[in-house]
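Reviewing the structure listed below.
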Amino acid sequence: MNPTSLAFGTLKITTPEGITFSIRLAGPLSRGMAAALDFALVLVVCRMLSKGLAPLEAALPDLGAAFGMILHFVVSVGYGMALEWRFQGQTVGKRVMGLRVMDARGLHLTHSQVVLRNLLRVVDLLPLVYAVGGVACLANRRGQRLGDLAAGTVVVSVAAEAVPDVHALGALRYNSFRQYPHLEARLRQKVSAAEANLAVSALLRREDLEEAAAAEVFGEMAATFRKRVRFPEEAEQGLSSEQYVRNVVDSIFRSASRSEGSGLRR
């Protein structure tokens, strides 16, 4: 991906092949509300776990207090790491507010990025209630706190994400993935709405791409989807990368349309 640009709160990602994707950045209010909800959940968990330290605090108050601080740090940092990695950039608060963490270049969010942005949350919280992080967000056009700047991530809004015109792709007569409905269901769970929509957008712009560029774009997308769910060899046999992506899009949107009537599962 080429360097990203920002216009009117929208992150624009341009591929070397000239395809531009636009993603709406999260605003400070929605991010603050998501952080408040996550903080409340962490506080509840810490209070529940701290009950086990009561005997230690009664016998050795200083040691008990130290363990309590360590416990709070581990839970608060581990909460963000675990959920953002497990649920593709979302914590409970972000999910409720329709937000998601993603790589600032539009690439796949890595484990090291999740770890780094959550470790630096401690610095962003200084001196109190995200003062440092808030100033950092206001000082840069992508709304990144220090953890985001270091990890190369941004927080985007997915609550009102536009659904691409899947019908414009035409009906897919045969999809070898349909023989494995359990894997299709897993695919819909593992592939984010943003990734699915990017695939549809790329397919809709297929005629604008030269063959070499198309092969590279769909090759990268197919490789990403294979990491999410691996179909049996016979289901993938003879499929080009572009056809593989078409199968994925059909499996996601066809089934979602039947079950929800909206064309998108979330």
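We number each residue from 1, following the sequence as shown.
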Going from [atom1] on [X] to [atom2] on [Y], what distance comes out if it is rounded to the nearest 0.5 angstrom?
X    : Y    : atom1 : atom2 : result
L99  : R24  : CG    : CZ    : 9.0 Å
L25  : T10  : CG    : OG1   : 7.0 Å
F253 : N197 : CZ    : CG    : 4.5 Å
M69  : L71  : CE    : CG    : 11.5 Å
D250 : Q243 : CG    : CD    : 9.5 Å
R31  : K94  : CZ    : NZ    : 7.5 Å

Say whether [X] and [Y] are linked into one hydrophobic cluster, either directly or through other cluster members, by side-chain heavy-atom distances under 4.5 angstrom.
X    : Y    : answer
V123 : M81  : no
V75  : Y130 : no
M48  : I70  : no
V200 : L239 : yes
I252 : M221 : yes

Kindly say whether [Y] contributes a backbone atom to a donor-acceptor pair with the side chain of [X] at under 3.5 angstrom?
X    : Y    : answer
R121 : G147 : no
Q144 : A136 : no
E195 : S192 : yes
R145 : R117 : yes
D124 : L146 : yes
R188 : S251 : yes

I need the full list of salt bridge (Lys or Arg N to Asp or Glu O under 4.0 Å) pairs touching residues 239-249, with sequence neighbours left out, sorted by first then second residue.
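Applying salt bridge (Lys or Arg N to Asp or Glu O under 4.0 Å) to every pair that reaches into residues 239-249, excluding sequence neighbours, yields R206-E242, E242-R246.
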Which heavy atom of [X] sits nearest to which heavy atom of [Y], and what is that distance?
X    : Y    : answer
A202 : V217 : CB-CG1, 4.4 Å
L183 : P232 : CD1-CD, 3.6 Å
A235 : S176 : O-OG, 2.5 Å
V245 : A199 : CG1-CB, 3.9 Å
R100 : Q90  : NH2-OE1, 3.5 Å
A150 : L120 : CB-CD1, 3.4 Å

Y244 and F177: CA distance, side-chain angles, deciding distance, ring pair (Phe, Tyr, Trp, His ring centres under 6.0 Å) verdict
CA-CA 9 Å; Y244 187 97; F177 295 171; 5.2 Å; yes
Answer yes or no: are there more than 12 heavy-atom neighbours, outside R186 itself, under 6.0 Å from its atom CZ?
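No - once you tally the heavy atoms of other residues, nucleotides and ligands closer than 6.0 Å, there are 12 at most.
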If you draw a 6.0 Å radius around CE in M33, do more than 12 non-hydrogen atoms from other residues or ligands fall strictly inside?
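No, because the 6.0 Å sphere around CE of M33 holds 12 heavy atoms or fewer from other groups.
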Between L203 and F218, is the side-chain contact (heavy atoms from CB on, under 4.5 Å) condition met? List the steps.
CA-CA 9 Å; L203 289 170; F218 292 115; 3.5 Å; yes
Identify, with sequence neighbours excluded, every residue that meets side-chain contact (heavy atoms from CB on, under 4.5 Å) alongside R230.
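Only R226, E236 meet the side-chain contact (heavy atoms from CB on, under 4.5 Å) criterion with R230.
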Please identify each residue that fulfils side-chain contact (heavy atoms from CB on, under 4.5 Å) with P55, with sequence neighbours left out.
none
By side chain to side chain donor-acceptor pair (under 3.5 Å), which residues pair with T110, not counting sequence neighbours?
S112, Q113
For E234, side chain to side chain donor-acceptor pair (under 3.5 Å) partners two or more places apart:
Y180
List the atom pairs, donor and acceptor, that lie under 3.5 Å between side-chain atoms in residues 37-44 and the rest of the protein, sequence neighbours left out.
unit_1, atom_1, unit_2, atom_2, d
D38, OD1, Y79, OH, 2.5
D38, OD1, T91, OG1, 3.3
D38, OD1, G93, N, 2.7
D38, OD2, T91, OG1, 2.6

